[in-house]
**Student:** 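If you scroll down you'll find the structure; I have some questions about it.
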Amino acid sequence: LAADFAIWARDDLGSVLGALDAAQDDPEGLLKAAKNIFTIMHDIKGQAGTFGYNLLAEIGESACEFGRNLTVPPTSEQAAILRLHVVAAQFVVGRNITGDDTVVWDQFRAKRDAMIEQAEAGSENDLP
């Protein structure tokens, strides 16, 4: 079942990344892609640990936390953060990283946090 999980995850992650990339100039398409990312990452989060993909479960949890409250089309910065989550998940699945990998997790978190900080600083500059 673990091999099937990896195939399913790889296919779904590729599909949702393609949809996100295709929707860059379409706000409604971005919102739809963001909701699909949330759904897929929620499923991955729930199943990854069962098959020993602890790091993948953590990335899924992070994506869910970030995307949980998106109700308007995401900004380009928010879309980039969602993309980071999907690409990181693809990295883990593609390299069959099971268990905990603190180096990869720390690198991912540092990049994610920097991108979120930059996106939040940009939104503050947009206020009247």
**Student:** With sequence neighbours excluded, tell me which residues meet side-chain contact (heavy atoms from CB on, under 4.5 Å) with Glu117.
**Tutor:** none
**Student:** Return the set of residues passing side-chain contact (heavy atoms from CB on, under 4.5 Å) with Thr50 (not counting sequence neighbours), or none when no residue passes.
**Tutor:** none
**Student:** Once ring-ring contact (aromatic ring centres under 6.0 Å, His included) is applied, do any residues pair with Phe51, and if so which ones, sequence neighbours excluded?
**Tutor:**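 Phe5.
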**Student:** Run the side chain to side chain donor-acceptor pair (under 3.5 Å) test against Glu77 and tell me which residues pass, sequence neighbours left out.
**Tutor:**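 Checked Glu77 against side chain to side chain donor-acceptor pair (under 3.5 Å); matches are Thr75.
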**Student:** Report yes or no: do Phe38 and Val93 belong to one cluster of Ile/Leu/Val/Met/Phe/Trp/Tyr joined by side chain heavy-atom distances under 4.5 Å?
**Tutor:** no
**Student:** Do Leu20 and Val86 make a side-chain contact, defined as non-hydrogen atoms from C-beta onward lying under 4.5 Å apart?
**Tutor:**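 Leu20 vs Val86: side chains apart.
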**Student:** Applying salt bridge (Lys or Arg N to Asp or Glu O under 4.0 Å), which residue pairs with at least one partner in residues 92-105 are found, sequence neighbours left out?
**Tutor:** none
**Student:** So, using side-chain contact (heavy atoms from CB on, under 4.5 Å) as the criterion, who are the partners of Lys32 when residues are at least two apart?
**Tutor:**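 Partners of Lys32 under the side-chain contact (heavy atoms from CB on, under 4.5 Å) test: Asn36.
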**Student:** Would you list the pairs meeting side-chain hydrogen bond (donor to acceptor under 3.5 Å, both in side chains) in which at least one residue belongs to residues 5-22, sequence neighbours left out?
**Tutor:** Trp8-Asp12, Asp21-Arg83
**Student:** Counting C-beta onward and ignoring hydrogens, is there a side-chain heavy-atom pair between Leu82 and Leu70 closer than 4.5 Å?
**Tutor:** yes
**Student:** Are Met41 and Leu31 connected, step by step, through hydrophobic side chains (Ile, Leu, Val, Met, Phe, Trp, Tyr) whose heavy atoms are closer than 4.5 Å?
**Tutor:** no
**Student:** First locate atom CD1 of Ile81, then atom CD1 of Ile116, and finally report the distance between them rounded to the nearest 0.5 Å.
**Tutor:**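 So the gap between those two atoms works out to 5.0 Å.
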**Student:** So which pairs with a foot in residues 15-37 pass ring-ring contact (aromatic ring centres under 6.0 Å, His included), sequence neighbours left out?
**Tutor:** none
**Student:** Do you know the tightest heavy-atom contact between Pro74 and Ala34?
**Tutor:**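 That would be CG-CB, 4.0 Å.
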**Student:** Check whether Leu55 and Val87 end up in the same hydrophobic cluster, where Ile, Leu, Val, Met, Phe, Trp and Tyr are linked by side-chain heavy atoms less than 4.5 Å apart.
**Tutor:**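 Yes.
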**Student:** State, to 0.1 Å, how close Pro73 and Glu28 come at their nearest heavy-atom pair, and which atoms those are.
**Tutor:** CG-OE2, 3.9 Å
**Student:** Do Gln78 and Phe66 make a side-chain contact, defined as non-hydrogen atoms from C-beta onward lying under 4.5 Å apart?
**Tutor:**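 They are in side-chain contact.
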**Student:** Not counting sequence neighbours, which residues clear side-chain contact (heavy atoms from CB on, under 4.5 Å) with Ala23? List them please.
**Tutor:** Leu30
**Student:** With rounding to the nearest 0.5 Å, note down the distance linking SG in Cys64 to CD1 in Ile37.
**Tutor:** 11.0 Å
**Student:** To the nearest 0.5 Å, what is the distance between CG on Asp26 and CD on Gln24?
**Tutor:**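 Rounded to the nearest 0.5 Å, the CG-CD separation comes out at 10.0 Å.
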**Student:** Under the ring-ring contact (aromatic ring centres under 6.0 Å, His included) definition, can you give me all pairs with a residue in residues 81-109, not counting sequence neighbours?
**Tutor:**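 Pairs touching residues 81-109 that pass the test: His85-Phe108, Trp105-Phe108.
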**Student:** Among residues at least two apart in sequence or on other chains, which ones pass salt bridge (Lys or Arg N to Asp or Glu O under 4.0 Å) with Asp106?
**Tutor:** Arg109
**Student:** Which residue pairs pass the salt bridge (Lys or Arg N to Asp or Glu O under 4.0 Å) test with at least one member in residues 42-68, sequence neighbours excluded?
**Tutor:**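 For residues 42-68: Lys45-Glu61, Glu65-Arg68.
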